[in-house]
Q: 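I have a structure I would like to understand better, so I am pasting it below and will then ask my questions one at a time.
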Amino acid sequence: RSEQGAVAKYTLFPVTSDNVGHEIFIKDSLGNANSRNITIKPDGSQKIDNVTAAIITISVNYGFCGLKAVDLGSGDYGWEIISKNLS
């Protein structure tokens, strides 16, 4: 889901046992991330690369970030970065 403003902000959907393995890619297809950063955050207290409330920022024109929904064990789910060109 995206929020309006000078910066493009995306909140990832929550990872559950039903969508483990799902991959998502967010890309600056317009080539203006240098002046209008793209930020990506997990839903609630979920993790990106095992860091709670991590925020990813794409700040290079035509940058991208690929993420995969993963099972972290003990009923904990989150996102893993599988490819990136962020800055």
Q: Using a 4.5 Å cut-off on heavy atoms from C-beta on, say whether the side chain of Trp79 contacts that of Val15.
A: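 In contact.
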
Q: Which other residues end up in the same hydrophobic cluster as Phe25, if Ile, Leu, Val, Met, Phe, Trp and Tyr are linked when side-chain heavy atoms come under 4.5 Å apart?
A: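 Under the 4.5 Å side-chain rule, Phe25 groups with Ile82.
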
Q: Looking only at heavy atoms, which two atoms of Ile48 and Pro42 are closest? And how far apart?
A: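 Of all heavy-atom pairs spanning Ile48 and Pro42, the closest is CD1-CD, 3.6 Å.
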
Q: Which atom pair, heavy atoms only, marks the closest approach of Pro14 to Asp43?
A: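 Residues Pro14 and Asp43, closest heavy atoms: CG-OD2, 3.5 Å.
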
Q: Thr39 versus Tyr10: any side-chain heavy-atom pair under 4.5 Å?
A: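 When only atoms from C-beta onward are counted, Tyr10 and Thr39 do not touch, as no gap falls below 4.5 Å.
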
Q: About how many Å separate OG of Ser87 and CD1 of Ile56, when rounded to the nearest 0.5 Å?
A: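 Taking CD1 in Ile56 and OG in Ser87, the distance rounds to 12.0 Å.
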
Q: Nearest 0.5 Å, what's the NZ-CD1 distance between Lys84 and Ile58?
A: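 Reported value, rounded in 0.5 Å steps: 11.5 Å.
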
Q: Given a cutoff of under 4.5 Å between side-chain heavy atoms of I, L, V, M, F, W and Y, with clusters grown through shared members, what are the other residues clustered with Ile55?
A: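 Direct or chained contacts put Ile55 with none.
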
Q: Kindly compute the distance separating OH (Tyr62) from CG (Asn85), expressed to the nearest 0.5 Å.
A: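 Going from OH on Tyr62 over to CG on Asn85, the span is 13.0 Å.
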
Q: What's the spacing between Ile40 CD1 and Lys9 NZ if we round to 0.5 Å?
A: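 Interatomic distance, Ile40 CD1 to Lys9 NZ, rounded to 0.5 Å: 13.5 Å.
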
Q: Within the side chain of Asn32, is there an N or O that forms a donor-acceptor pair under 3.5 Å with the backbone of Ser35?
A: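 Looks like no, no N/O pair under 3.5 Å.
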
Q: What's the separation between atom CD in Glu80 and atom CG in Asp71, rounded to the nearest 0.5 Å?
A: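 The CD atom of Glu80 sits 11.5 Å away from the CG atom of Asp71.
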
Q: Can you check whether Asp28 reaches Asn61 side chain to side chain, under 4.5 Å on heavy atoms?
A: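 Yes. Closest side-chain heavy atoms under 4.5 Å.
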
Q: When rounded to the nearest 0.5 angstrom, what is the spacing between NE2 in His22 and CG in Leu12?
A: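 Reported to 0.5 Å precision, the distance equals 10.0 Å.
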
Q: Under 4.5 Å between any side-chain heavy atoms of Thr57 and Ile38, yes or no?
A: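 No, side chains not in contact.
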
Q: According to a 4.5 Å side-chain heavy-atom criterion applied to Ile, Leu, Val, Met, Phe, Trp and Tyr, with indirect links allowed, do Ile81 and Val70 form part of one hydrophobic cluster?
A: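 No, no single cluster joins them.
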
Q: Quick check: does any side chain N or O of Asp76 sit under 3.5 Å from a backbone N or O of Leu72, one acting as donor and the other as acceptor?
A: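 No; zero donor-acceptor contacts below 3.5 Å.
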
Q: Does some side-chain heavy atom of Leu86 sit less than 4.5 Å from a side-chain heavy atom of Ser59?
A: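 Contact flag for Ser59/Leu86 side chains = no.
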
Q: If you count the non-hydrogen atoms of other residues, nucleotides and ligands that lie under 6.0 Å from NZ in Lys47, is the total more than 12?
A: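 Yes, enclosed.
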
Q: Decide yes or no for Tyr77 and Val20: does some side-chain heavy atom of the first lie under 4.5 Å from some side-chain heavy atom of the second?
A: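 Yes; the side chains approach each other to less than 4.5 Å.
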
